Chemist: 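One structure, pasted below without further comment.
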Amino acid sequence: MSRERPTPTVEEVLGRRRDDGTGLVVAVRTPAGTAYHFRGELPDAVSSIFEIGSVTKTMTALLLADLAREGVVGLDDPVADHLPVAPPVEGRPITLRDLATHHSGLPRLPRGALWPGLTSERHDPYARYDEATLSAAVLATRPRVEPGRRFGYSNLGGGLLGWALARAAGTDYATLLADRLAGPLGLVDTAVALPTGHEHRLAPGHGWRGRPAGRWDLALLAGAGGVVSTAADLTRYVGAFDTAYDGPLAAAAADTRAPQQRAGRVGPASVGLGWLLAPDGMLFHDGGTGGYRSFVGSRPDLGVSVVVLSARARGLTGFGILLLRAAVDTA
């Protein structure tokens, strides 16, 4: 007769993570408070700044939900309504909702982008995507399937969403993020650019092999992964998605939590606006750049969340999910 294995504690999960000395910060939030754990050499664990990569997409989706509530955009607006160029149509036009749920049919990367360049710690692969270059890439990139048909993770789609929202609001993505998200939520270190005078707080990034890696500049694709933040800010941010939260952006945050599409046979059961949704009520997203990895996960109904920031480009999504489940079981 088999016996169910007990869920490990947060401390046990943390103990399984090998310390490579490059910098790791974990924030575990429960109704009792937030506990921070850190390893490696960091300027200040709680306020050290990291690139958060694709966790940015959840912020872009929150901006979409907020702008949609105000009527600045509609979730089902064609992308072509808000960009100077739009991808070729395959079946029907791609909508803003399609971009936020990874159901646009677009490939992961723009046409002409090479995957080895995106994974190398010695490259800054997105920096060349100014308006002219990105416009040309968009026109040359055909959807692989009709929009809405199936889940297909796309950095290009996330970047186009950020660009479209900024244009609809009459500004740039960095300003949109600052004015409509970071400001209202009190995120003092969350931005596209490092806060002036605080460059020394950036945790030095490292590639997969542990070599030093520089920052990435995502240019017009910043909405896909161009934000920097801290464990303290991200803990505050993810708290805005709790079902009990009633502060700024609460209604928009609730919209992002709602399932929109099936995500496929493997992995999360469904996808909201930006968030990946698991059958047990967990929402999460991970991210990575040339020298960093990130994970943010939450049980919004319980007020429990986990933030993991690493200054090395090695995967930590499974680690983050285990931490969140441990935190839920011991909360």
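Numbers here simply count residues along the sequence, with the first being 1. Values in this document were obtained by computation on a predicted structure and should not be read as measured data.
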Chemist: To the nearest 0.5 Å, tell me how far Leu24 CG sits from Phe50 CZ.
Modeler: 7.5 Å
Chemist: Once you round to the nearest 0.5 Å, how far does NE2 of His37 lie from CZ of Arg39?
Modeler: 10.0 Å
Chemist: At what distance, to the nearest 0.5 angstrom, does CG of Leu156 lie from CH2 of Trp163?
Modeler: 10.0 Å
Chemist: Decide ring pair (Phe, Tyr, Trp, His ring centres under 6.0 Å) for Tyr292 and Trp216; before the verdict, give the C-alpha distance in whole Å, the side-chain angles of both, and the deciding distance to 0.1 Å.
Modeler: CA-CA 10 Å; Tyr292 302 85; Trp216 275 10; 9.6 Å; no
Chemist: Evaluate the salt bridge (Lys or Arg N to Asp or Glu O under 4.0 Å) criterion for residues Arg69 and Asp255: first the C-alpha distance (whole Å), next the side-chain angles of each, then the deciding distance (0.1 Å), finally the verdict.
Modeler: CA-CA 9 Å; Arg69 280 191 162 266; Asp255 292 343; 2.7 Å; yes
Chemist: Side chains of Ser229 and Thr190 only: does a donor on one sit below 3.5 Å from an acceptor on the other?
Modeler: yes
Chemist: So how far is it from Leu134 CG to Arg128 CZ, rounded to the nearest 0.5 Å?
Modeler: 10.0 Å
Chemist: For Asp280, is the CG atom crowded, meaning more than 12 foreign heavy atoms sit under 6.0 Å from it?
Modeler: yes
Chemist: Would the distance check show the side chain of His206 and the main-chain N or O of Ala311 forming a donor-acceptor pair, the cut-off being under 3.5 Å?
Modeler: yes
Chemist: Is the His200 ring parallel, tilted or perpendicular to the His198 ring (thresholds 30°, 60°)?
Modeler: parallel
Chemist: Pro84 and Ser135: which non-hydrogen atoms are nearest, and at how many Å?
Modeler: CG-OG, 4.4 Å
Chemist: Using 30° and 60° as the class boundaries, would you call the ring planes of Tyr153 and His102 parallel, tilted or perpendicular?
Modeler: parallel
Chemist: Taking atom CZ of Arg97 as the centre, report whether more than 12 heavy atoms of other residues, nucleotides or ligands fall under 6.0 Å from it.
Modeler: yes
Chemist: Do any N or O atoms from the side chain of Thr95 and from the backbone of Asp98 form a donor-acceptor pair under 3.5 angstrom?
Modeler: yes
